[in-house]
There are 2 protein chains.
Amino acid sequence: MSETTRAAAPESDESHGGPGAGPAIAEPTHEAEPARRRTPGEEARTLMAAAKSGSLASLSEDGTPWASIVALGVTGAGEPVLVVSTMAEHGRNLVREPRCSVAVAEPVPEGDDPLDRARITLAGRVIVPAGEEADAALEAHARHYPFARGYAAYADFTTYVLRVERVRWVGGFARMSTVEPAEYAAAAIDPTAPAAASARLHLNHDHADSVLLWARTLGGYADALEATCEAIDRYGVDVRVQTPRGQAPVRIGFAEPAQSPGDLRGATVALAKAARAWTPTA
Amino acid sequence: MSETTRAAAPESDESHGGPGAGPAIAEPTHEAEPARRRTPGEEARTLMAAAKSGSLASLSEDGTPWASIVALGVTGAGEPVLVVSTMAEHGRNLVREPRCSVAVAEPVPEGDDPLDRARITLAGRVIVPAGEEADAALEAHARHYPFARGYAAYADFTTYVLRVERVRWVGGFARMSTVEPAEYAAAAIDPTAPAAASARLHLNHDHADSVLLWARTLGGYADALEATCEAIDRYGVDVRVQTPRGQAPVRIGFAEPAQSPGDLRGATVALAKAARAWTPTA
């Protein structure tokens, strides 16, 4: 896995000061190819692209940060678009104080731990867009909420775009990073994301033997007893292996990044082929 | 439906100042019995009792309200319990500024509008509980997150209880209320809530004729063509009717509040009996 995404961000570059460490992670039995990962910027853009609602933190008149649930659109540069009313406390807050942030979390598959899922916070200031930007922003919001075109015309509603000044991405336990706003704006949305959940289920239900073989060969865990695909993206798969020596997360990369949801099938077929052809090097 | 819950809260007691009103609601064809509803306090306590995670708004060092996703427990008085690390921005924020708020949203059934679901914001100050309160708070959190017992012992983690000073409940479109903290603390959690989603599905899939009959008789819409149960709780059912004159929301109350999930069956059987026995008055 890449240093970029597994490394703690500067402000988190410390270890828990308490009793003992977490459960032991088994070391690989042989070296595996380094595998590409989405950058934190790509993770954040991809997560935001799929979000239809999120949490807004605005500042209430008494100085209390105010958490609320908001409907979201997203601009081509990854900026959240809100259409909010001054009849709601958050709407009145934004009129008075444009500084705010929006948090978005990956949906949790049934039975999964909600803490081990990706989430982002985008912080900055909301602006009221004008001209073409206003039209584009409302359209971005209305893509998820067609009725917003009607709401937005009411006098108490305002369409806002969040100008992103800080991006914080958390990928799950111990995967986190701060992303520069320019990097966030420029990062690519993973085109395979809409198919990832079903591809993951398909691998685990119908190709568990194949995933195990990948882990034993390309993944570096010759003694893996079980292997479960935990995520799939344009660059590869995240697999959790169980070995007699404990468990471990394994990243296995595709030969080429997938460019569309349909590419995931070919990419995993190529992995299976590579795994069957794999031979231990000394 | 009761004035208490359908009425807009004081600070929202105004109407949209823009073009036209929403879609027309059909009036009843005959008078229906007033039907009890959960109070906003009961709604809020019930929603909070089911929440395992939520959104935290804390105040960042630069003055920006910071939205983040947090794991939640809840005390016997409905106070959120957080176990957070100073390795995370929200953890550092709470050390510096205890004022914060937590928002929790009802899970959205697949295909439903996320804006037409219940959500609450609880605002106040976090405190670090001591003695028995500390033990109870950690246990409340660990009920959802057993590993929290381990985390909480790390030096960078703190267990906080949110002392609730303000409660804002939104039940969906145009249903909202501010709840006094004392009322919130004292309100009962709906004991039937864990069974509500499956009971609703069961009514719509297997007893749609019965729901339609309730609407035509007890519900006050003699010309209802279709009726769908949108929610069920200890006091009754929310039904959406379609008539040749438009659609309408209908509340139909049970004769007695249900005291357990198992009571819902008897309560709906009693409704069916009452609907069959119903005769138009006048």
Side-chain angles (χ1 to χ4, degrees), chain A residues 8 11-12 14-20 22 52-60 62-69 71 85 87-90 92-93 97 99-105 108 113-115 117 119 121-125 145 147 150-157 165-166 168 170 176, chain B residues 8 11-12 14-20 22 52-60 62-69 71 85 87-90 92-93 97 99-105 108 113-115 117 119 121-125 145 147 150-157 165-166 168 170 176:
Chain A
E11 77 249 42
S12 298
E14 42 178 301
S15 57
H16 296 298
K52 293 186 181 174
S53 65
S55 311
L56 173 70
S58 58
L59 197 65
S60 286
D62 66 1
T64 305
W66 186 252
S68 58
I69 311 299
S85 165
M87 286 171 71
E89 179 152 342
H90 58 215
R92 295 190 295 277
N93 289 347
E97 169 57 72
R99 283 185 297 181
C100 66
S101 60
V102 167
V104 161
V108 196
D113 184 339
L115 290 187
R117 60 177 165 169
R119 59 254 193 202
T121 298
L122 306 175
R125 282 160 212 268
Y145 302 97
F147 291 136
Y151 299 157
Y154 288 122
D156 57 309
F157 275 89
E165 297 168 11
R166 288 207 294 143
R168 180 76 181 157
V170 179
M176 54 191 73
Chain B
E11 77 249 43
S12 298
E14 42 178 301
S15 57
H16 296 298
K52 293 187 181 173
S53 64
S55 311
L56 174 69
S58 57
L59 196 65
S60 286
D62 66 1
T64 305
W66 185 253
S68 58
I69 311 298
S85 165
M87 287 171 71
E89 179 150 342
H90 59 213
R92 295 190 295 277
N93 290 347
E97 170 57 72
R99 282 186 297 181
C100 65
S101 60
V102 167
V104 161
V108 196
D113 184 339
L115 290 188
R117 62 178 163 165
R119 60 254 192 201
T121 298
L122 305 176
R125 283 158 212 267
Y145 301 97
F147 292 137
Y151 299 158
Y154 288 123
D156 57 307
F157 276 89
E165 297 169 11
R166 287 207 294 144
R168 180 77 181 156
V170 179
M176 55 190 72

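Below, read A as the first sequence line, B as the second, and so on, with proteins coming before strands; counting in each chain starts at 1.
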Next on the checklist: Quick check against the 3.5 Å criterion: does A:Arg168 have a side-chain atom that pairs as donor or acceptor with the backbone of B:Ala88?
Outcome noted: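 Answer holds: no.
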
Next on the checklist: Run B:Arg166 and A:Asp62 through side-chain contact (heavy atoms from CB on, under 4.5 Å) and show every step you take.
Outcome noted: CA-CA 11 Å; B:Arg166 287 207 294 144; A:Asp62 66 1; 4.0 Å; yes

Item to check | From B:Arg119 atom CZ to A:Ser55 atom OG, the distance as rounded to the nearest 0.5 Å | outcome: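 Answer for the CZ-OG pair, B:Arg119 versus A:Ser55, is 11.5 Å.
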
Checklist entry - CZ/A:Arg117 to CD1/B:Ile69 distance, rounded to the nearest 0.5 angstrom? => result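 Reported value, rounded in 0.5 Å steps: 6.0 Å.
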
Checklist entry - Top residue by heavy-atom pair count (under 4.5 Å) with chain A, among B:Ala105, B:Gly63, B:Ser60? => result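 Greatest number of close heavy-atom pairs with chain A: B:Gly63.
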
Checklist entry - Of all heavy-atom pairs between B:Ser101 and A:Ala67, which one has the smallest distance, and what is that distance? => result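 It is OG-N, 2.7 Å.
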
Checklist entry - Can you name the nearest heavy-atom pair linking A:Ala57 to B:Trp66, along with the distance? => result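 Where A:Ala57 meets B:Trp66 most closely, the heavy atoms are CB-C, 3.6 Å.
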
Checklist entry - Are the side chains of B:Thr64 and A:Cys100 in touch, meaning some heavy atoms are under 4.5 Å apart? => result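 Sidechains of A:Cys100 and B:Thr64: no contact.
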
Item to check | Per-residue contact mode, A:Asn93 against chain B (heavy atom under 4.5 angstrom) | outcome: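 Neither part.
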
